Amino acid sequence: MNAPVDCSHLILETPRLRLRPWRMEDLADFNRYASVDGVGQMAGWAPHRSMEESRKILQMFIDEKKTLALELRQTGQVIGSLGLECCSALPDSSYETLLGREIGYVLSKEFWGQGLMPEAVQRVISWCFEELGMDFLTCGHFVWNQQSRRVIEKCGFVYCRQTDYQTRMGTHEETCLYVLKNPAKCF
């Protein structure tokens, strides 16, 4: 079952990042990384073709209240996003009555390989388990997306199974699904 989430007033910090709600003032930073070829495809969406497309998606992030902007603390630049999505697949039927969410993320290509995404994901995991009391989190990656696989494994998720995922581009991707159980809960 999808846990209720409202990130509209949330601020989480890590040594290098501030995870916070999106603001319309972030539009230029958002478009800068979302329009780069190779970034969106890692998560199943095409590069943004215009500032207007980015504006519409940014407004959706603001309205849905489940996606955080990843801001570099040192500069204030927004370099990615992390969302707590409704679970697109569960590890098995025993999770149907438990509370959880699916973590999804995107990072600007110029910041890949610096350990920023595991830092952000681990901070959100702590918040979901310690503050919200979620039972579990899921996360997935397309079979060919080895960068996301490494993030997921570094954050302690355990592989469950492969599943088919329909992307926003209308394609189907074979996806590896992982789960992380709240260690404070017995189930």
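All values below were derived from every heavy atom in this structure, side-chain atoms included, with hydrogens, water molecules and symmetry-related copies excluded. Model, not experiment: these values are computed from the prediction.
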Side chain to side chain donor-acceptor pair (under 3.5 Å) between Ser54 and His48, worked out:
CA-CA 6 Å; Ser54 294; His48 294 189; 2.6 Å; yes
Given Leu177 and Leu90, is the side-chain contact (heavy atoms from CB on, under 4.5 Å) satisfied, shown in steps?
CA-CA 8 Å; Leu177 179 68; Leu90 294 174; 6.0 Å; no
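- Among residues two or more places apart in sequence or in another chain, the ring pair (Phe, Tyr, Trp, His ring centres under 6.0 Å) test is passed with Tyr178 by His141, Tyr159.
- Smallest separation of non-hydrogen atoms from Pro21 and Ala69: O-CB, 4.4 Å.
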Test side chain to side chain donor-acceptor pair (under 3.5 Å) on Thr175 and Gln162 and set out the steps.
CA-CA 5 Å; Thr175 301; Gln162 284 194 7; over 6 Å; no
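- With rounding to the nearest 0.5 angstrom, the CG atom of Leu10 is 13.5 Å from the NZ atom of Lys65.
- When all heavy atoms of Pro91 and Cys160 are compared, the pair lying nearest together is CB-SG, 3.6 Å.
- Taking hydrophobic clusters as Ile, Leu, Val, Met, Phe, Trp and Tyr residues chained together by side-chain heavy-atom distances below 4.5 Å, Trp112 shares a cluster with Leu82.
- Taken together through direct or relayed side-chain contacts under 4.5 Å among Ile, Leu, Val, Met, Phe, Trp and Tyr, Phe157 and Leu99 form parts of separate hydrophobic clusters.
- To the nearest 0.5 Å, the span separating CG on Leu98 from CE on Met134 amounts to 12.5 Å.
- Hydrophobic clustering (ILVMFWY, side-chain heavy atoms < 4.5 Å, transitive): Leu68 and Ile11 are in distinct clusters.
- The two residues Val143 and Cys176 make their nearest non-hydrogen contact at CG2-SG, 4.1 Å.
- Between Cys139 and Ile152, the shortest heavy-atom distance links the atoms SG-CG1, 3.6 Å.
- Looking only at distances, a side-chain donor or acceptor of Arg73 sits under 3.5 Å from a matching main-chain atom of Thr14.
- Thr138 contributes atom OG1, which lies 10.0 Å from atom CG of Leu180 (distance to the nearest 0.5 angstrom).
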Starting from the C-alpha separation in whole Å, work towards a yes-or-no answer on side-chain contact (heavy atoms from CB on, under 4.5 Å) for Leu17 and Glu71.
CA-CA 6 Å; Leu17 298 169; Glu71 174 186 285; over 6 Å; no
Go through it in stages, so that I can follow the logic: the residues are Val121 and Val124, the test is side-chain contact (heavy atoms from CB on, under 4.5 Å), and I'd like the CA-CA distance, side-chain angles, deciding distance and then a yes or no.
CA-CA 5 Å; Val121 171; Val124 169; 5.8 Å; no
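- Taking Tyr95 as the reference, Phe136 meet the ring pair (Phe, Tyr, Trp, His ring centres under 6.0 Å) condition, with sequence neighbours excluded.
- Heavy atoms of other residues, nucleotides or ligands lying less than 6.0 angstrom from CD of Gln74 number 12 at most.
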So Cys128 and Ile125, side-chain contact (heavy atoms from CB on, under 4.5 Å) or not? Walk me through it.
CA-CA 5 Å; Cys128 288; Ile125 290 168; 5.8 Å; no
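- Using a distance-only test at 3.5 Å, with no hydrogens or angles considered, no donor-acceptor pair links the side chain of Arg20 to the main chain of Glu13.
- If you take CZ on Phe61 and CE on Met24, they are separated by 11.0 Å, rounding to the nearest 0.5 Å.
- Between Val179 and Leu137 the shortest side-chain heavy-atom distance does not fall below 4.5 Å.
- Formation of a donor-acceptor pair under 3.5 Å by the Ser108 side chain with backbone atoms of Phe111 is not found in this model.
- Under a hydrophobic clustering in which Ile, Leu, Val, Met, Phe, Trp and Tyr are joined whenever their side-chain heavy atoms come within less than 4.5 Å, directly or via other members, Val78 and Val36 fall into the same cluster.
- Between Gln147 and Arg150, the side chains place no donor N or O within less than 3.5 Å of an acceptor N or O (distance only, hydrogens not considered).
- In this structure, Ile103 and Glu85 have side chains that are not in contact, with every pair of non-hydrogen atoms separated by 4.5 Å or more.
- Salt-bridge formation is detected for the pair Glu153/Arg149: a Lys NZ or Arg NE/NH1/NH2 atom is positioned less than 4.0 Å from an Asp or Glu carboxylate oxygen.
- Contact record, Ile62 with Trp22: CG1-O, 3.5 Å, taken as the closest heavy-atom pair.
- Contact between Lys185 and Gly133 at its shortest, heavy atoms only, is NZ-O, 2.8 Å.
- Distance alone, capped at 3.5 Å, is enough to place a donor-acceptor pair between the Glu102 side chain and the Ser88 backbone.
- Classification of the Phe30-Tyr33 ring pair by plane angle, with boundaries at 30° and 60°, yields perpendicular.
- To the nearest 0.5 Å, the span separating CD on Glu173 from CG on Asn145 amounts to 9.5 Å.
- Of the charged side-chain nitrogens involved, none lies within less than 4.0 Å of a carboxylate oxygen, so that Asp135 and Arg101 do not count as a salt-bridged pair.
- Evaluation of the salt bridge (charged side-chain N to carboxylate O under 4.0 Å, His left out) test over residues 27-56, restricted to residues two or more places apart or in two chains, returns Asp29-Arg32, Glu52-Arg55.
- With rounding to the nearest 0.5 angstrom, the OG atom of Ser126 is 11.5 Å from the CG atom of Leu132.
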